[in-house]
Engineer: 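One structure, as structure tokens, below. Some questions next.
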Amino acid sequence: MKHNHIAGRWMAGGDGLDNVNPSDTTDIVGSYAVADGGMVAEAAQAARAAFPAWARSTPQQRADILDAVGSELLARREELGTLLSREEGKILADGIAEVVRAAQVFKFFAGEALRIPGEKVASTRPGVEVDILREPVGVIGIITPWNFPMAIPAWKIAPALAYGNCVVFKPAELVPGSAWALAEIVTRAGVPAGVFNLVMGPGSLIGDALVDGVDAVTFTGSVATGRRVAQRAVGRMIRCQLEMGGKNPMVVLDDADLDIAVDAAVNGSFLQTGQRCTASSRLVVTEGIHDRFVAAVTERLERLAVGHALKPGTEIGPVVDSRQLEQDLSYIAIAEQEGARRRCGGQRLTRETPGFYLSPCLFTETTNAMRINREEVFGPVAGVIRVRDYDEALSVANDTPFGLSSGICTSSLKHATHFRANSAAGLVMVNLPTAGLDFHVPFGGRKGSSYGPREQGRYAVEFYTSVKTAYVRAG
Ligand SMILES: NC(=O)C1=CN([C@@H]2O[C@H](COP(=O)(O)OP(=O)(O)OC[C@H]3O[C@@H](n4cnc5c(N)ncnc54)[C@H](OP(=O)(O)O)[C@@H]3O)[C@@H](O)[C@H]2O)C=CC1
Ligand SMILES: O=C(O)CCC(=O)C(=O)O
């Protein structure tokens, strides 16, 4: 059984939890220890005790550790990518790419550790010097979802450590394997005992204890859990950062290049089994291109190979587990009851191995008021909304409680520019899928999708540091 890491030691805890391969439920990836609230509190205390010394460590020491983590991830990309795909169900190429992305994030923040910004500002008073300094916040609680089991932990752990914070990391219950492997690498890279702690176990059991023991919490996951985490964090007056769901629109205008639009829709809506918060689950299409677009997307979806994540040739792996599959199937049923027309897919598939296979499902004749277009399904399911023109497309695109990502396919500079300026989302894509992001620039949304400062890139410094303004009488 793989153990939790607390105060520099590997600790068992209670019963282990089996990690099941969604491509083949007879394949148990491993058994992982489950922490209880007491162990989480112990981890938070260990992190607090380690903090003063770690906060004083040199930027070079932290940079070297993060760089070493990145190098090991890169060297082991195939092995770790295979583990990731085996436990989460994304295809092997995507599993490997995600490990590389995690490595790039660690190397990026190795550089940022050496570039912690500060400012000197002239005082309004004579003989006074003013410095604006950034200091680490303290102990950061990190709660991550199952859909990016390496990349999301990486883009939270790396900046936390780079800026001199200690960490208590709780991965999603469905993907302890990637989290444990990452933790094992971090602990061997030279972090002093207590600086980095791993606590595995169901969020419903240990989530509250985690929020209660830290100085700041960063969360990615569902809206419902995000709200709960935020309320608890605000109750303690600690800072929190939330990345939650999306109902991301991809607008396709009459003048779009059809091939680009179809590629963007198939990729953005269905690859990685649609299990991306940036997935384009609403396809907002103008009348003149609607029928050609729907026909071409349907034709591509019917050819996509759904199967075992590790099998060569597979383009879409399984849904992550039975609960998520039930959620996808229930939204498909609701869409039909509400009058949407199922153009293709939406069927449970059987393959050589028992897994949670679902064919990619496209609905047409949908309205923006239908539940399928308002609530996050988080599966290979998208609805086409037919609109008259660009103005209606923009209004439909923005009519959502979410605001993570949005996209437009058009050859009109005027409409692309207008959309970029007026889309109410944190990420805007022109002639590109709404999902699939660079690792070195800020990531986050607006409205119900995000709360708190941006993640990733240089902007991560806002969440992971605390500003101090220092006045000194000169001479
Ligand atoms: N936007 C996004 O990036 C994601 C959205 N989702 C959406 O969420 C739905 C449910 O997925 P699920 O994995 O259950 O999402 P959750 O929001 O429940 O899980 C995200 C993380 O929060 C943890 N968590 C659960 N309950 C608590 C709690 N009370 N306090 C603190 N942390 C907690 C989870 O732990 P544990 O796994 O151990 O329960 C996990 O680590 C999906 O169907 C999808 O719609 C899911 C993943 C990512
Ligand atoms: O689209 C991506 O590359 C990242 C998306 C993401 O972070 C998520 O789905 O949780």
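Because the structure is predicted, anything quoted here is derived from the model rather than measured. Start at 1 and go down the list; that is how both ligands and their atoms are numbered.
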Engineer: Which protein residues have a heavy atom closer than 4.0 Å to any atom of ligand 1, listed by chain and number?
Structural biologist: Ile143, Thr144, Pro145, Trp146, Asn147, Lys170, Pro171, Ala172, Glu173, Gly201, Pro202, Gly203, Ser204, Gly207, Phe219, Thr220, Gly221, Ser222, Thr225, Arg228, Val229, Met244, Gly245, Cys277, Arg323, Gln324, Gln327, Glu376, Phe378
Engineer: Find out whether the Lys NZ or Arg CZ of Lys156 is both under 6.0 angstrom from the six-membered ring centre of Phe463 and within 45° of the ring's axis.
Structural biologist: no
Engineer: Cut-off 3.5 Å, side chains only: do Ser178 and Glu87 have a donor facing an acceptor?
Structural biologist: yes
Engineer: May I ask you to check if Arg374 and Phe402 form a cation-pi contact, with NZ or CZ under 6.0 angstrom from the six-membered ring centre and within 45° of the axis?
Structural biologist: no
Engineer: With ring centroids as reference points, do Phe109 and Trp155 lie under 6.0 angstrom apart?
Structural biologist: no
Engineer: Please determine if Asp208 and Arg228 form a salt bridge, counting it only when a charged side-chain N lies under 4.0 Å from a carboxylate O.
Structural biologist: yes
Engineer: Checking Lys90 side chain against Gly95 main chain: does a donor-acceptor pair fall under 3.5 Å?
Structural biologist: no
Engineer: Heavy atoms under 4.0 Å from ligand 2: which residues qualify?
Structural biologist: Arg101, Asn147, Phe148, Ile152, Trp155, Arg276, Cys277, Thr278, Ala435, Gly436, Leu437, Phe443
Engineer: Should Glu336 and Arg342 count as an ion pair when the cut-off is N to O under 4.0 Å?
Structural biologist: yes
Engineer: Out of Leu427, Leu404, Thr400, which one pairs with Asn248 under the side chain to side chain contact (heavy atoms under 4.5 Å, CB included) rule?
Structural biologist: Leu404
Engineer: Any salt bridge linking Arg458 with Glu112? Criterion: basic side-chain nitrogen under 4.0 Å from a carboxylate oxygen.
Structural biologist: no
